[in-house]
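One is the number of the first residue; the rest follow in order along the sequence.
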Amino acid sequence: MSNVEHDHGPNCECPDCGDPRSMDFLDKYLTVWIFGAMAVGIGLGYVAPSVTQPIQDLRLVEIGLILMMYPPLAKVNYGQLPTVFKNVKVLGLSLVQNWLIGPTVMFALAVIFFSGLVPGLPARPEFFLGLVFIGMARCIAMVLVWNELAEGSSEYAAGLVAFNSVFQIVTYGVYVWFFALFLPPLFGMETLVAGISQFGITPMQVFEAIAIFLGIPFAAGILSRYLGTRTKGVEWYEETFEPTISPLTLVALLFTVIVMFAMQGERIVGKPSDVLLIAVPLTIYFVVMFFVSFGMGREIGADYSTTTAIGFTAASNNFELAIAVAVAVFGVGSGVAFATVVGPLIEVPVLLALVNVALYFQRRFDWRGYTTGSLTETAGGPGTDD
């Protein structure tokens, strides 16, 4: 991945701009590895369904998520985060995308596909609620991986994830109540939430999920950079240590994909139609949110790395939180929990495809003059909005 600072244009042919010929073996065939990991996971879960219990007991999904988030967070220059948080334009845009556009788009898709209001599409209350749980849980984990693969700004990705995570602690329960309990009856969809009076989601439950999936790798990343740069120097840290830990992201990603798909392998094979039914609105959501957010980032004049961080931050969701809440409220065997679990299974291939789209945009568009959010002095100074 490129650390070379220069203007990218339509005819940029440098070997550091996402050109497949310049990628290492693991990066170059990442799509193959991802689909191979999916196949291995599904096969493992179908042939040996009992494997799900040790995966849960040993917290293998959680371990995989934390490990794959560590390298991107260890690469963040935390000294530049104050500049990130001072950029009101980017932070404000992220708030609008994550807390206005994103939840509204997901609610609309849930209504279209699972409310029973659209002819030919029967009401599926459990899938409706599953999508709402997902839509209200904003970015946290895998967004850091997708952003790194697409050569987005590590500083903005980390800053926006942290910013939205704090906001999420006090808003998740309110958003779920509003979109799952308050709005449906107004549209004549009382049966979707029949018998449900409250969800009982506390800020502490949300905080615990964020502390595990974001707090642990964040702390490890900060500690690594602090100790590494002070004992060995910045040059050693960035030129030796960072390249050494980089493969861990993709290895941990593949491991996480295998265990996630293994946990649902039997159900995926047994009810593929349900998976496909949930996959359609989720795919639409990811694609729409990425293109809309990427376009909004470019519209405010953000440079490529900042625009990419904005796009993936808005397009990704905190599936870990959605799954945890769905299981706590409706049970692990419920259709609501199943819908939330299908989420990351769809996110992986779709967001991986969008990584390639982002890299194409990096080469295709002329980014000269796009300096909003830039953290490099060559673009008019750190954090300039000019």
Side-chain angles (χ1 to χ4, degrees), residues 1-8 16 69-95 97-98 139-141 143-167 214-243 245-246 249 293-294 297-298 300-314 316 358 362 367 369-386:
M1 297 179 190
S2 174
N3 290 317
V4 179
E5 297 292 344
H6 64 283
D7 290 326
H8 302 283
D16 298 293
M69 290 169 63
Y70 166 66
L73 288 171
K75 295 177 183 179
V76 172
N77 183 348
Y78 290 94
Q80 292 183 321
L81 283 186
T83 302
V84 170
F85 287 119
K86 287 179 182 177
N87 196 316
V88 178
K89 186 181 292 186
V90 173
L91 292 180
L93 183 62
S94 182
L95 274 179
Q97 292 168 344
N98 278 284
C139 60
I140 183 170
V143 61
L144 297 169
V145 177
W146 309 131
N147 177 75
E148 182 181 33
L149 293 175
E151 300 183 1
S153 168
S154 297
E155 289 72 26
Y156 269 99
L160 292 177
V161 166
F163 181 64
N164 283 294
S165 295
V166 172
F167 198 78
L214 183 61
I216 293 175
F218 235 123
I222 293 173
L223 186 62
S224 294
R225 189 168 192 92
Y226 178 82
L227 294 177
T229 55
R230 278 159 181 74
T231 58
K232 293 285 189 175
V234 175
E235 183 177 353
W236 172 86
Y237 188 85
E238 294 182 348
E239 296 182 7
T240 302
F241 183 73
E242 287 184 1
I245 64 173
S246 283
T249 296
S293 301
F294 195 96
R298 187 169 168 84
I300 67 170
D303 64 354
Y304 171 77
S305 63
T306 305
T307 298
T308 299
I310 291 172
F312 282 106
T313 302
S316 188
Q362 182 189 42
W367 293 94
Y370 287 80
T371 58
T372 296
S374 175
L375 297 174
T376 63
E377 296 182 1
T378 57
T384 181
D385 282 340
D386 298 331

For Ala74 and Ile245, the nearest pair of non-hydrogen atoms, with its separation, is CB-CD1, 3.7 Å
Are Ser305 and Glu155 packed together at the side-chain level, in the sense that at least one heavy-atom pair is separated by less than 4.5 angstrom? no
Identify the two heavy atoms, one from Gly297 and one from Ile310, that lie closest to each other, and give their separation to 0.1 Å. CA-CD1, 4.2 Å
Please verify the inter-ring angle class for Phe218 with Tyr78; under 30° counts as parallel, over 60° as perpendicular, anything in between as tilted. tilted
Taking every heavy atom of Ala150 against every heavy atom of Thr308, the minimum-distance pair comes out as CB-CG2, 3.7 Å
Close side-chain approach of Thr372 and Thr306, heavy atoms under 4.5 Å: no
Check whether Ser316 reaches the backbone of Phe312 with its side chain - one donor and one acceptor, N or O, closer than 3.5 Å. no
Test of ring centre spacing under 6.0 Å for Tyr304 and Trp367: yes
Taking C-beta and beyond as the side chain, do Leu375 and Val84 meet within less than 4.5 Å on heavy atoms? yes
Checking Thr307 against Tyr370 for the side-chain hydrogen bond (donor to acceptor under 3.5 Å, both in side chains) test, could you report, in this order, the C-alpha distance in whole Å, the side-chain angles of both residues, the deciding distance, and whether it holds? CA-CA 10 Å; Thr307 298; Tyr370 287 80; over 6 Å; no
Report yes if the side chains of Tyr237 and Arg225 come closer than 4.5 Å at any heavy-atom pair, otherwise no. yes
Would you say Phe167 and Asn98 make side-chain contact, with heavy atoms under 4.5 Å? no
Pair Asn164, Ser94: side-chain N/O donor-acceptor within cut-off below 3.5 Å: yes
Would you call Asn147 and Pro72 a side-chain contact if the rule is heavy atoms closer than 4.5 Å? no
Could you grab the distance from atom NZ of Lys75 to atom OG of Ser154, nearest 0.5 Å is fine? 7.0 Å
Evaluate the ring planes of Phe85 and Phe163, with Trp represented by its six-membered ring, and classify them as parallel (under 30°), tilted (30 to 60°) or perpendicular (over 60°). tilted
Once you round to the nearest 0.5 Å, how far does CG of Leu91 lie from NZ of Lys86? 12.5 Å
